[in-house]
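Have a look at the structure below before the remarks.
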Amino acid sequence: MSNYLIDYHVNGHPNYFDFYLFVNPLGRKCYAFEQEILKVKTLISSKINLNILCIHNESVINDFIQRLGYQPGNLALRNELYTKLYQSALAIKAASFQGKRKGRNFLMAFQKEICAELSRVSEETIYSIAEDCQLDLDLFDEDFHSDFVKELYFKDLRIAKSMGVKRTPTLVIFDSMNERAGFIIDKAFSHEAVLEQLDMMMYHQCHSNMISTTHDKHPLTLLRNL
């Protein structure tokens with residue numbers, strides 16, 4: 001079955017999805033979940049618009065400090081972590097200005113290089129990774145230090161807050177048939193869990209709109225194409 005793709009549609013109308021993946025760019029768990037999301041994109045033919053947003057808040061910082069094995073009350077560490085998260089997020093946002101794919105490549109290369117070690121986060125490392133990812137370094141440098149990138153980062157924080165995101169990694173999914181309500185995954189970290197959520201979204205969508213489908217036992221229509 002690995003040679004087949006899943007295509008979601010309702011009554012002949014194709015569904016497409018907007019994925020908002022909120023991550024801590026320094027977190028190992030976030031890197032693993034990004035791999036799972038990319039796997040989802042290879043398993044379904046339905047269009048997915050993937051947006052990876054780096055964020056921080058009190059919950060993210062507290063959780064990360066505990067994962068590092070430190071006490072939450074360590075003020076010096078909290079300040080260092082905030083600074084490193086902020087610097088990393090701006091670099092990743094600047095890289096994405098040269099294309100979503102290049103932005104994702106930079107993010108994952110950065111995560112692999114840093115490997116949750118705060119001491120590895122530096123401008124020297126950031127520029128080295130940018131060069132390895134074949135970014136335009138002059139353009140990257142300009143964007144990295146621009147006020148516009150900072151504004152966009154704080155916009156991402158507002159988006160996360162508006163969606164009720166409290167921890168990382170968190171995935172919020174919207175589909176083209178119901179753009180007003182999203183579904184959140186913040187506990188299960190596998191591509192199977194994401195596919196199950198997509199199935200459930202289609203199930204509820206079909207029932208709430210009283211849509212009949214070609215499936216006898218399940219209102220989700222899955223076409224499997226080579």
Side-chain angles (χ1 to χ4, degrees), residues 19-37 50-97 103-133 135 140-172 182 184-190:
F19 282 14
Y20 290 85
L21 178 59
F22 298 91
V23 302
N24 168 1
L26 305 180
R28 292 173 180 160
K29 188 166 66 171
C30 290
Y31 176 80
F33 197 40
E34 288 157 22
Q35 306 306 306
E36 294 297 304
I37 296 301
L50 175 59
N51 304 280
I52 301 180
L53 307 181
C54 300
I55 66 166
H56 78 277
N57 55 37
E58 282 298 311
S59 296
V60 170
I61 291 176
N62 288 338
D63 180 65
F64 195 53
I65 287 177
Q66 290 178 2
R67 289 180 182 277
L68 293 175
Y70 295 98
Q71 294 298 319
N74 188 327
L75 184 59
L77 180 63
R78 294 179 72 85
N79 290 337
E80 180 185 7
L81 179 55
Y82 173 84
T83 300
K84 301 284 186 168
L85 279 171
Y86 181 56
Q87 183 183 38
S88 303
L90 294 184
I92 293 159
K93 179 66 71 176
S96 70
F97 278 15
R104 287 200 299 267
N105 289 343
F106 177 87
L107 167 62
M108 293 177 188
F110 177 83
Q111 290 169 316
K112 289 177 69 176
E113 176 67 25
I114 299 304
C115 199
E117 294 289 341
L118 293 183
S119 61
R120 297 185 182 181
V121 181
S122 67
E123 285 207 1
E124 182 181 357
T125 301
I126 287 171
Y127 282 99
S128 175
I129 295 170
E131 184 175 11
D132 291 342
C133 291
L135 297 180
F140 175 78
D141 179 68
E142 180 181 349
D143 291 332
F144 182 30
H145 295 99
S146 71
D147 290 336
F148 184 53
V149 163
K150 295 175 184 176
E151 291 172 7
L152 290 181
Y153 173 64
F154 286 108
K155 181 180 178 181
D156 290 346
L157 297 184
R158 292 193 294 272
I159 290 172
K161 185 176 181 180
S162 70
M163 292 183 182
V165 175
K166 298 180 179 179
R167 59 175 64 91
T168 57
T170 292
L171 176 66
V172 181
I184 291 181
I185 301 176
D186 63 0
K187 293 182 180 179
F189 306 105
S190 68

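Just so you know, these numbers use all the heavy atoms, side chains as well, and skip hydrogens, waters and symmetry mates.
Nearest approach of Gln111 to Pro25, heavy atoms of both residues: CG-O, 3.1 Å. Taking each heavy atom of Leu90 and Tyr153 in turn, the nearest pair found is CD2-CB, 4.0 Å. Taking every heavy atom of both residues into account, Ile55 and Val60 meet most closely at O-CG1, 4.2 Å. Heavy-atom minimum distance, Lys29 versus Pro169: CE-CD, 3.6 Å. A pairwise comparison of heavy atoms in Tyr127 and His145 identifies OH-CE1, 3.0 Å as the closest pair. Heavy atoms only, all atoms of each residue included: Ile37 and Phe19 are closest at CG2-CD2, 4.0 Å.
Note that the OH atom of Tyr20 and the CG atom of Leu171 stand 11.5 Å from one another [nearest 0.5 Å]. Note that the OG atom of Ser128 and the CG atom of Asp132 stand 4.5 Å from one another [nearest 0.5 Å]. Separating the CZ atom in Arg104 from the CD1 atom in Ile52 is a distance of 6.0 Å, to the nearest 0.5 Å. Leu81 contributes atom CG, which lies 10.5 Å from atom CG of Asn74 (distance to the nearest 0.5 angstrom). Interatomic distance, Ile65 CD1 to Leu77 CG, rounded to the nearest 0.5 Å: 5.0 Å. Note that CD of Glu117 and CG of Leu68 are 8.0 Å apart. Values are rounded to the nearest 0.5 Å.
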Step-by-step ring-ring contact (aromatic ring centres under 6.0 Å, His included) determination, His56 to Tyr86 = CA-CA 8 Å; His56 78 277; Tyr86 181 56; 7.5 Å; no
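No more than 12 heavy atoms of other residues, nucleotides or ligands shown are found within 6.0 angstrom of NZ on Lys166. In this structure, Phe148 places its CZ atom where only 12 or fewer heavy-atom neighbours from other residues, nucleotides or ligands lie under 6.0 Å away.
No side-chain donor from either of Arg167 and Asn57 sits under 3.5 Å from a side-chain acceptor of the other.
A salt bridge does not link Lys93 with Glu151: every distance from a Lys NZ or Arg NE/NH1/NH2 to an Asp or Glu carboxylate oxygen is 4.0 Å or more.
Side-chain contact between Phe97 and Leu152: present, with at least one pair of heavy atoms (C-beta onward) separated by less than 4.5 Å. Using a 4.5 Å heavy-atom threshold, the side chains of Phe33 and Thr168 count as separate. Counting heavy atoms from C-beta outward, Arg67 and Arg28 have side chains that stay 4.5 Å or more apart. Counting heavy atoms from C-beta on, the side chains of Ile61 and Leu85 come closer than 4.5 Å. You'll find the side chain of Lys84 stays beyond 4.5 Å of the side chain of Ile114, heavy atoms only. The closest side-chain heavy-atom distance from Gln35 to Met108 is below 4.5 Å. You'll find the side chain of Thr83 stays beyond 4.5 Å of the side chain of Val121, heavy atoms only. For the pair Ile126 and Phe110, the minimum side-chain heavy-atom distance is below 4.5 Å.
Between Phe140 and Phe106, the ring-plane angle classifies as tilted under the 30° and 60° cut-offs.
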